[in-house]
Visitor: 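Below is one structure. I have some questions about it.
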Amino acid sequence: MEEIYTAGDIEARAQQFWDEQQTFRVSEDPAREKYYCLSMFPYPSGRLHMGHVRNYSIGDVITRYQRMQGRNVLQPMGWDAFGLPAENAAIQNQVPPAKWTRENIDYMRNQLKQLGFGYDWERELATCDPEYYRWEQWFFTRLFEKGVVYKKTAVVNWDPVDNTVLANEQVIDGRGWRSGALVERREIPQWFLKITDYADELLNDIDTLEGWPEQVRTMQRNWIGRSEGIEMQFGLSGRDDSLSIYTTRPDTLMGVTYVAVAPEHPLATGAAAGNAALAAFIEECRQSGVSEATLATQEKKGLDTGLTAVHPISGEQVPIWAANFVLMEYGSGAVMSVPAHDQRDYEFARQNGIAIRQVIYPASDDQQADLDKQAFIEKGVLQNSAGFDGLTSAEAFEAIGDWLEQAGKGARQVNYRLRDWGVSRQRYWGCPIPVINCASCGAVPVPEADLPVTLPTDVTVDATGSPLKKMAAFIETTCPVCGDPAERETDTFDTFFESSWYFARYACADNSSAMLDERANYWMPVDQYVGGIEHAVLHLLYARFFNKLMRDEGLLVSDEPFTCLLTQGMVLKDGSKMSKSKGNTVDPQGLIDQYGADTVRLFTMFAAPPEQSLEWSDSGVEGASRFLKRLWKQVYQHVAAGPAAALNVAELNAAQKAVRHSVHTTLAKVSDDVGRRYTFNTAIAANMELLNTLARFADDSDQGRAVMQEALDAVVLMLSPIVPHITHELWQQLGHGQAVVDCAWPLVDEAALVQASIALVVQVNGKVRGRINVSPDASREIIEAAVMDEENVQKHIADKTVRKIIVVPGKLVNVVV
RNA sequence: GCCGGGGUGGCGGAACUGGUAGACGCAGUGGACUCAAAAUCCACCGGUAGCAAUACCGUGCGAGUUCGAUUCUCGCCCUCGGCACCA
């Protein structure tokens, strides 16, 4: 055995071994328990960043640990290869997106291999492969036939200078990122998936996701936003039609003093025809981005349309305002406004001189309503509400609901905040939407025999929008129904489309005749999914939705795709997210070259628990490297002295027993940390502590060396999922024939955990005043007597009377005076 | 603005179910080894007072519950993630 640890050679040898043995190649084996561990696949942006290293290290530790538990473990890897950055790179460097993407994939695949992650590379997929995206095109046409997809107009960010649609992130302070032009809202026709049809199931099934973090489940529930309310009709003065409005607070209905509609609402745009000021206001509202964060934080503005609505109960005429805070996408694009009982309506009414009418009064004395200062938003008792006076808010909800239903002016309705999923993107580098637009037949799905609709890759990309829209050869086709000349759809899918089913495709990535086959039902659902917390809502909700769509199409049997979810925190440098614009990135490659993959993996696992953000530290990496050198040295010194004798537990002296006790308490703790808690940082810390103990244990006797052998074997096995290369080598050097990657996780010897005496903390009035040593089975009486014997305890009791003594078994004693 | 997290020594973090605050590591200080340096090894390492034993203070801020609160409750401050076209 070499005396000095050299990561480079060791890592190359271990990786070659796994490669030759096809260690991580798996197939279906009904006789064994399967375990599917999946990390979110990366966007091939060029090089791995620290977030990837962290994500994939976590997944690899879990994978290797589960292998040691004897399970049939699948861990695949692939590429989320469509997306905006490839187009940006194309504009900047005149390199076609396909070429750029392929080169990035090749480079990053090599980096993943250098890091020693145990993937089954046979299953690798890239979403920009026609062999991959043809199946989502096929699936879309199935959904089309079923009526799950439909087309409607929706607003986008429009850059009037570059004449292109911008992503929200390309809008900076209301201006296009390249042109600097003020962004406009523009309505264009787009394809939607009816995710709202699944809103109830998506909501209810959250309850079954017990392996998910509670915060993610809460965020998804809030995102879906189920509410119960009343949908009612406000009449329109001087018109035959009416205005549909939804409210969750019908108890406040008699306090309505105006109605607000979105600036794009037909009522507002209609009224603008004869109203220059209103037209100017609507135009002004059009000059802003579409993101909800933008709309919610901008100054609340509105203008009276001059139209009036008729209150469904009182018949009173209330003004209709156009307001920039009402979203056309949400509900009917109109809201009733009750300034007395809604803070936003209150501020808007104050600002615009609209009446404030209180109809809800506090039900008890602990509540106060001061409408000179703010709205009273609590529930209470109704007044000034005609026939509903005296009812509580809850009673009024029912009474007003009944009244409206009987009058034919409204109905109880469940509403969702969730909106249907718009999947059209006016981009080049994505999966073409398989639709042909025919003048006489309308939108027609591309027949299965003509799939895939292949994305042309020989293109020049510039800042003025998708090159597809200028490619006659791509666009011009014939209608599959009538055979007349027709035009191909030039929009591509939202890239969330690809990432909504890749997890199932890994099970049968080689199938060229079907989207999924029976192997998907062997591997699905994913047992452990690992990825960034930033995907808590969108990706994870779309993937859950898609899984249900695939189930309903008969492609899968599971209701949910991911049994357990681990949301990893971000990697920070100097307190903020690493990014090129901040210039605070750390390139993993340099660290791999300098220290080796094991050091990088060890540091990322040690610096913080997986769910927390991780603060990068170069000197911390140095520390991780030092630990591996010490581990190497400890094994080297042991091995250099020749083979150890067999362990005979009955012959051990007190010091040897103490070391064995440390080994097995560490083993128990690390098994729990790695297997249940996923706190790899504390698992590593416990091993560091144990190695410190072993370094102080100098015992050349036969049993001393036997204890050391058992201890080093345990440390190597415990660390092997985290630092697989060095432990691969050390395990051989410790005299074992089997590769460490194929070993079983070590078992705790319960007998080694038993101790002759344990230390209890002694408190007086909750403050630590000393410690006592007692036998683990000492009675309460013996413990109390020992406590009272303590000098420092007596001093703090002094002349006071002992009121009670609290004994927490195995931990502490608190004397209350 | 709305939804969800987080805040503990000089730094990253530990304390798992309300029970010893600061494990482990980094940085630092002192020492050993060396001609010297690096590396390595040993010791110390929250603040104040004290030779020490020990005492008091201390987990973002303010209240509360409890024998006991980093942990639970309420209010506030700061910060990070998401907000439907970044992935």
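Residue numbers start from 1 in every chain, and the chains themselves are labelled A, B, ... in the order their sequence lines are given, proteins ahead of strands.
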Visitor: Side chain of Phe496(A) only, heavy atoms from C-beta on: which candidate in rU40(B), rA87(B), rC24(B) is closest?
Guide: rA87(B)

Visitor: For rC56(B), give its Watson-Crick or G-U wobble partner with both distances under 3.5 Å, or none.
Guide: rG47(B)

Visitor: Quantified in whole Å, what is the P atom distance between nucleotide rG6(B) and nucleotide rU71(B)?
Guide: 12 Å

Visitor: Nearest nucleotide by nearest heavy atom, which residue falls closer to the 5' end of RNA chain B, Gly422(A) or Arg803(A)?
Guide: Arg803(A)

Visitor: For Thr495(A), report the nucleic acid contact type (base, sugar-phosphate, nothing); a contact means any heavy atom under 4.0 Å.
Guide: sugar-phosphate

Visitor: Determine the contact category for Met40(A): base if any of its heavy atoms lies under 4.0 Å from a base atom, sugar-phosphate if only primed atoms, P, OP1 or OP2 are that close, otherwise nothing.
Guide: nothing

Visitor: Phosphate oxygens OP1/OP2 of rA55(B): is one of them under 4.0 Å from a side-chain N or O of His796(A)?
Guide: yes

Visitor: Taking the C1' atom of each, how far is rG60(B) from rG50(B), in whole Å?
Guide: 31 Å

Visitor: When the aromatic ring centroids of Tyr5(A) and Tyr636(A) are compared, is their separation below 6.0 Å?
Guide: no

Visitor: Could you measure the distance from the CD atom of Glu3(A) to the CD atom of Gln637(A)? Nearest 0.5 Å is fine.
Guide: 8.0 Å

Visitor: Could you state the CD-P distance from Glu292(A) to rC85(B), rounded to the nearest angstrom?
Guide: 12 Å

Visitor: Roughly how many Å apart are rU29(B) and rA38(B), using the P atom of each and rounding to a whole number?
Guide: 12 Å

Visitor: I want to check one thing: is the phosphate of rA55(B), taken as OP1 and OP2, less than 4.0 Å away from some side-chain N or O of Arg769(A)?
Guide: yes

Visitor: As a test of reading the structure: which of rC41(B), rA87(B), rA23(B) is closest to the side chain of Arg630(A), going by heavy atoms?
Guide: rC41(B)

Visitor: What is the distance from CZ of Arg425(A) to C1' of rC86(B), rounded to the nearest Å?
Guide: 11 Å

Visitor: Between Lys629(A) and Leu572(A), name the one whose nearest nucleotide on RNA chain B is closer to the 5' end.
Guide: Lys629(A)

Visitor: Can you figure out which of rA87(B), rC80(B), rA23(B) approaches the side chain of His535(A) most closely?
Guide: rA87(B)

Visitor: Side chain of Lys795(A): nearest nucleotide among rU54(B), rA87(B), rG1(B)?
Guide: rU54(B)

Visitor: Please give the distance between the C1' atoms of rG7(B) and rA87(B) as a whole number of Å.
Guide: 28 Å

Visitor: Using whole Å, what does the distance between atom P of nucleotide rA84(B) and atom CD of Glu169(A) come to?
Guide: 12 Å

Visitor: To the nearest 0.5 Å, how far apart are CD in Gln190(A) and CG in Asp491(A)?
Guide: 7.0 Å

Visitor: When you measure from the side chain of Arg626(A), which nucleotide among rA84(B), rC85(B), rC26(B) comes out closest?
Guide: rC26(B)

Visitor: Scan nucleotides 8-21 of chain B nucleotide by nucleotide, 5' to 3', and note B when protein non-hydrogen atoms come under 4.0 Å of the base, S if they reach only the sugar-phosphate, - if neither.
Guide: ----BSSSB--BBS

Visitor: Please find out if less than 6.0 Å separates the ring center of Tyr595(A) from that of Phe603(A).
Guide: no

Visitor: Expressed in whole Å, how much space separates the P atoms belonging to rA52(B) and rG58(B)?
Guide: 23 Å

Visitor: What is the distance, to the nearest angstrom, from the CD atom on Glu534(A) to the C1' atom on rC83(B)?
Guide: 14 Å

Visitor: Roughly how far, to the nearest 0.5 Å, is CZ of Phe348(A) from OG of Ser337(A)?
Guide: 7.5 Å

Visitor: Can you measure Gln298(A) atom CD to rC2(B) atom P for me and round it to whole angstrom units?
Guide: 15 Å

Visitor: Among rU40(B), rC86(B), rG25(B), which nucleotide sits nearest the side chain of Asn168(A)?
Guide: rC86(B)

Visitor: The side chain of Ser619(A) is closest to which nucleotide in this list: rC26(B), rC83(B), rG25(B)?
Guide: rC26(B)

Visitor: P atom, rG62(B) versus rC78(B): distance in rounded Å?
Guide: 16 Å

Visitor: Identify, residue by residue, the members of residues 214-223 of chain A with a heavy atom below 4.0 Å from RNA chain B, and return them in order of residue number, or none.
Guide: Gln215(A), Thr218(A), Met219(A), Asn222(A), Trp223(A)

Visitor: Where does the angle between the aromatic ring planes of His539(A) and His535(A) fall among parallel (under 30°), tilted (30 to 60°) and perpendicular (over 60°)?
Guide: perpendicular

Visitor: When the ring centroid of Tyr133(A) is compared with that of Phe82(A), is the distance short of 6.0 Å?
Guide: yes

Visitor: Would you measure the distance from the C1' atom in rG12(B) across to the matching atom in rG19(B) and give it in whole Å?
Guide: 27 Å

Visitor: Any side-chain N or O of Asn88(A) below 4.0 angstrom from OP1/OP2 of rC86(B)?
Guide: no

Visitor: Would a line drawn from the ring center of Phe680(A) to the ring center of Phe606(A) be shorter than 6.0 Å?
Guide: no

Visitor: Which value, in whole Å, describes the distance between the C1' atoms of nucleotides rG10(B) and rC83(B)?
Guide: 38 Å

Visitor: With a 6.0 Å cut-off on ring centres, are Trp501(A) and Tyr132(A) close enough?
Guide: yes

Visitor: Between Tyr542(A) and Trp421(A), does the ring centroid distance fall short of 6.0 Å?
Guide: yes

